[in-house]
Student: 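Provided herewith is a single structure, encoded as structure tokens, for subsequent inquiry.
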2 protein chains.
Amino acid sequence: MSKRPADPANGSAPAARQVPMRDFSRSLPMSLLRAREAVMRQFRPSLREHGLTEQQWRILRALASIEAVEVTELARTAFLLGPSLSRILRDLEARNLIERKTAKADQRRSMVSISKEGVKLMASVAPTSEAIYAEITSRFGARKLAELQEMLGELEQSLAGLGAGNEASAEE
Amino acid sequence: MSKRPADPANGSAPAARQVPMRDFSRSLPMSLLRAREAVMRQFRPSLREHGLTEQQWRILRALASIEAVEVTELARTAFLLGPSLSRILRDLEARNLIERKTAKADQRRSMVSISKEGVKLMASVAPTSEAIYAEITSRFGARKLAELQEMLGELEQSLAGLGAGNEASAEE
DNA sequence: CGGAGATACTTAACATGTTAAGTGAATGCG
DNA sequence: CGCATTCACTTAACATGTTAAGTATCTCCG
């Protein structure tokens, strides 16, 4: 299909090593990405067996501890963007795992809650999920885990409201 | 700000609070996700101005320090799955930011390298990128940052080869 | 030499991330 | 009251994540 002689008489050595930067693999974003992936890799198989994606599970968990929430609030809790949440809620509702009803006082808002089926599904997933979490805690060390999460929280805090500098002086 | 009449004459009470689990917002995956997002939020605007996504930038950076790499190796370095990488390389090649040529010894392999234009683009992005990284380091603290990355690496290590238990006894 | 199996990608298909635009419902103000 | 704004979502459009297939090569063994 794609032959791609690409560059006849190329010969020229590629232009690498021209832009010095920190070792890429040790950047903070990469460290966080790899660590998170290492963790999620443990959970995905179990969730998959129950027909749930990581995000769907996040939503169910967020709903499990409350009666009902507005979509916007749920987005903040489950750390999902509105559009993603909107799609996922549509699907979860179709699977009868959640319920939605328009707020009486404000027709724009819709209150979301987990259904009985949703609760049942959670109950079937939670044990395995907790066991995996326990295994991770045990391997890494409970104390270190707490420290790590403390540091992650501090990192968040120290960056909160950074890049917001443009908002006040928004142009265009 | 948040009114939240929450539950006026609701009627049928949704089935919540039935499945006890750790506080969702404090789970390790969520901590990692939020921390990473807090960090990336700082970089995205700058990358966007240069017409690059986070992943495209990862690829260029990975390519910047070497002459050429096979796609599979690049996938490991940039921490991308094959299919994602395949699509992105197609686009970067169309934009003349990278070059591809089939390996002589093995026609299956294709060697990828950054182009002169790619290097030029990197040179225009790197300063801002480094400045942002410096600001983050300064805010969070260089020492703490090093500690955090150390812990993240250890976390990865402690989970390496966990969930691999099924592989040996693979069925089906 | 030849074909089964392994490799290195690429495509396909579906779900989510991300930004922009659209829609219907509240609000505020003249 | 009337209407421009703001709100709370939802749709749309495009890029990536993720798993499963598909393709072309290459290897190795009989």
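Below, each value reflects all heavy atoms present in this structure, side chains not excepted, and no hydrogens, waters or symmetry copies. The sequence lines fix the lettering, A, B, ..., with proteins before strands; numbering per chain opens at 1.
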Student: Scan B/Thr53 against the nucleic acid and name what it touches under 4.0 Å (heavy atoms): base, sugar-phosphate only, or nothing.
Tutor: sugar-phosphate
Student: Which of the following nucleotides, C/dC9, D/dT10, C/dT18, is nearest to the side chain of A/Ser84?
Tutor: C/dT18
Student: If only side-chain N and O atoms count, and only distance matters, is there a donor-acceptor pair under 3.5 Å linking A/Ser115 with A/Glu99?
Tutor: no
Student: Taking any heavy-atom pair under 4.0 Å as a contact, classify B/Thr72: base, sugar-phosphate, or nothing.
Tutor: sugar-phosphate
Student: Side chain of B/Glu37 only, heavy atoms from C-beta on: which candidate in D/dC9, C/dT18, C/dC9 is closest?
Tutor: C/dT18
Student: Atom CZ of B/Phe79 to atom P of D/dT16: distance rounded to whole Å?
Tutor: 17 Å
Student: Mind listing the closest non-hydrogen atom pair of A/Arg26 and B/Gln149 along with its distance?
Tutor: O-NE2, 2.7 Å
Student: May I ask you to say what A/Arg87 touches in the nucleic acid, namely base, sugar-phosphate or nothing, with a heavy-atom cut-off under 4.0 Å?
Tutor: base
Student: Choose from D/dG17, C/dT18, C/dT16 the nucleotide whose nearest atom is closest to any side-chain atom of A/Asp91.
Tutor: C/dT16
Student: I want to confirm an ordering. Mapping A/Ile88 and A/Arg108 to their closest nucleotides on DNA chain C, which one lands closer to the 5' end?
Tutor: A/Ile88
Student: Do any side-chain nitrogens or oxygens of B/Gln55 fall under 4.0 Å of OP1 or OP2 in D/dG17?
Tutor: yes
Student: Could you check which of C/dA12, C/dT18, D/dG17 has an atom nearest any side-chain atom of B/Pro83?
Tutor: C/dA12
Student: Can you tell me the distance, in whole Å, between the CZ atom of B/Arg90 and the C1' atom of D/dT16?
Tutor: 12 Å
Student: Please tell me whether A/Leu85 and A/Leu47 are part of a single hydrophobic cluster in this structure, the criterion being side-chain heavy atoms less than 4.5 Å apart.
Tutor: yes
Student: Give the rounded distance in Å between these two atoms: CZ of A/Arg41 and C1' of D/dT19.
Tutor: 14 Å
Student: Side chains of A/Phe140 and B/Leu28, heavy atoms from C-beta outward: is any pair under 4.5 Å?
Tutor: no
Student: Would you kindly give the CZ-to-P distance between B/Arg44 and C/dA20, to the nearest whole Å?
Tutor: 13 Å
Student: Mind calculating the distance between CG (A/Leu80) and P (D/dG17) to the nearest angstrom?
Tutor: 16 Å
Student: Among the candidates D/dC9, C/dA25, D/dC26, find the nucleotide nearest to the side-chain atoms of B/Gln107.
Tutor: D/dC26
Student: Tell me: CG of A/Asp106 to C1' of C/dT27, nearest whole Å?
Tutor: 10 Å
Student: A/Glu49 vs A/Ser46, test: side-chain contact (heavy atoms from CB on, under 4.5 Å). Steps then yes/no.
Tutor: CA-CA 5 Å; A/Glu49 280 178 21; A/Ser46 163; 5.7 Å; no
Student: Hey, which sits more toward the 5' end of DNA chain D by its nearest nucleotide, B/Leu81 or A/Val71?
Tutor: A/Val71
Student: How many whole angstroms separate atom CZ of B/Arg109 from atom C1' of D/dT25?
Tutor: 10 Å
Student: If I take atom CE in residue B/Met111 and atom P in nucleotide C/dA8, what distance separates them, rounded to the nearest angstrom?
Tutor: 12 Å
Student: Examine C/dA15: is either OP1 or OP2 under 4.0 Å from a nitrogen or oxygen in the side chain of A/Arg48? Give yes or no.
Tutor: no
